[in-house]
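See below for the structure under consideration.
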Amino acid sequence: GAGVSQSPRYKVAKRGQDVALRCDPISGHVSLFWYQQALGQGPEFLTYFQNEAQLDKSGLPSDRFFAERPEGSVSTLKIQRTQQEDSAVYLCASSPRDPSRQPQHFGDGTRLSIL
Amino acid sequence: KQEVTQIPAALSVPEGENLVLNCSFTDSAIYNLQWFRQDPGKGLTSLLLIQSSQREQTSGRLNASLDKSSGRSTLYIAASQPGDSATYLCAVGKAAGNKLTFGGGTRVLVKP
């Protein structure tokens with residue numbers, strides 16, 4: 001497809017389990033972002049990649065959160081030892097070479113529920 | 001730290017009325033400002049992107065203004081339609097990587 005694709009769309013996990021969320025950006029988009037959106041709130045920045053380089057991870061809430069983009073295309077957000085407060089929608093966005101001049105294109109997100 | 005506020009949090013209007021959505025931000029050193037639309041269970045759709053050097057952007061029935069000095073942006077939607085019902089989010093971007101800081105959104109309901 002032409003848009004940003006995220007999988008799975010829904011993920012239910014028990015507290016303490018590890019989860020992995022996948023993002024397929026628009027082909028050719030250099031920049032990739034992850035955001036976390038709690039219910040009824042705006043998204044909050046987690047991390048940013050330019051190609052395979054993770055240039056900003058200041059928004060990751062703890063060292064249980066890890067993101068990678070090894071070949072500069074697909075990205076994976078991994079959460080270890082999940083906790084209930086990790087329940088949220090995780091959104092991925094991509095943009096062309098100059099993200100400051102182009103809108104970010106968002107996927108539909110992965111809704112994560114931790115029981 | 002940049003903070004973005006959207007008022008009101010929710011808005012209900014009859015079809016045909018014009019919508020006015022407000023966004024304010026605390027740090028005027030922004031690179032750009034974007035307005036997004038979010039439908040339930042969906043991601044964000046970019047509506048308008050205003051560069052810091054611009055005062056406004058228009059697309060069809062949508063017009064967004066930007067006043068950096070006062071830290072404000074307003075999104076106008078003319079002649080609202082039921083299909084305009086959604087949550088509208090504004091977000092400001094800084095130069096470094098353009099990570100976005102979002103407001104909490106305004107939930108809009110346009111009644112037929």
Side-chain angles (χ1 to χ4, degrees), chain A residues 1-7 9-10 21 23-26 29-51 53-60 67 88-111, chain B residues 1-10 21-25 29-54 57 59 62 64 73 75 86-108:
Chain A
V4 177
S5 179
Q6 291 188 247
S7 60
R9 287 280 286 122
Y10 303 92
L21 313 180
C23 172
D24 280 272
I26 293 173
H29 277 194
V30 168
S31 299
L32 186 146
F33 304 82
W34 284 97
Y35 294 87
Q36 180 190 58
Q37 185 174 26
L39 187 64
Q41 298 183 20
E44 292 193 355
F45 171 80
L46 293 176
T47 187
Y48 159 61
F49 290 86
Q50 188 172 81
N51 295 307
Q54 188 175 20
L55 298 186
D56 188 343
K57 54 181 181 179
S58 62
L60 295 177
V89 175
Y90 291 84
L91 295 166
C92 175
S94 69
S95 67
R97 181 164 299 277
D98 185 352
S100 60
R101 295 197 171 275
Q102 299 287 337
Q104 293 183 21
H105 299 264
F106 282 77
D108 284 342
T110 293
R111 183 176 297 277
Chain B
K1 179 187 171 185
Q2 178 74 271
E3 292 184 3
V4 181
T5 304
Q6 291 187 246
I7 295 174
L21 308 179
N22 297 301
C23 172
S24 61
F25 46 94
I30 67 171
Y31 212 73
N32 57 31
L33 184 144
Q34 284 185 241
W35 282 95
F36 293 89
R37 168 187 173 134
Q38 187 173 33
D39 293 287
K42 296 291 188 179
L44 281 64
T45 300
S46 181
L47 298 174
L48 292 167
L49 169 67
I50 311 175
Q51 300 294 343
S52 62
S53 58
Q54 297 175 317
Q57 278 284 350
S59 176
L62 276 59
S73 177
L75 177 67
T87 296
Y88 292 82
L89 293 150
C90 76
V92 298
K94 296 277 286 185
N98 199 40
K99 66 181 183 182
L100 298 175
T101 301
F102 283 85
T106 294
R107 192 170 63 254
V108 171

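Below, chains carry the letters A, B, ... as their sequence lines are ordered, and counting in each starts from 1. None of the values given here were measured: they were computed from a predicted structure.
Distance CZ/F102(B) to OH/Y35(A): 5.5 Å, rounded to 0.5 Å. To the nearest 0.5 Å, atom NE2 of residue H105(A) and atom CG of residue L44(B) are 12.5 Å apart. Atom OG1 of T87(B) and atom CD of Q41(A) lie 12.5 Å apart (nearest 0.5 Å).
Between chain A and the options K42(B), Q6(B), R107(B), heavy-atom pairs under 4.5 Å are most frequent for K42(B).
Proximity to chain B (any heavy atom under 4.5 Å) is shown, for Q6(A), by neither the backbone nor the side chain. L100(B) touches chain A through backbone and side chain together, each having a heavy atom under 4.5 Å away. Of the atoms belonging to Q38(B), it is side-chain heavy atoms, and not backbone ones, that fall under 4.5 Å from chain A. Only the side chain of L91(A) comes within contact range of chain B, with heavy atoms under 4.5 Å apart.
Checking K99(B) against S58(A) by side-chain atom types alone, a donor-acceptor pair falls below 3.5 Å.
Taking a 6.0 Å sphere around CD of E44(A), one finds it holds 12 or fewer heavy atoms contributed by other residues, nucleotides or ligands.
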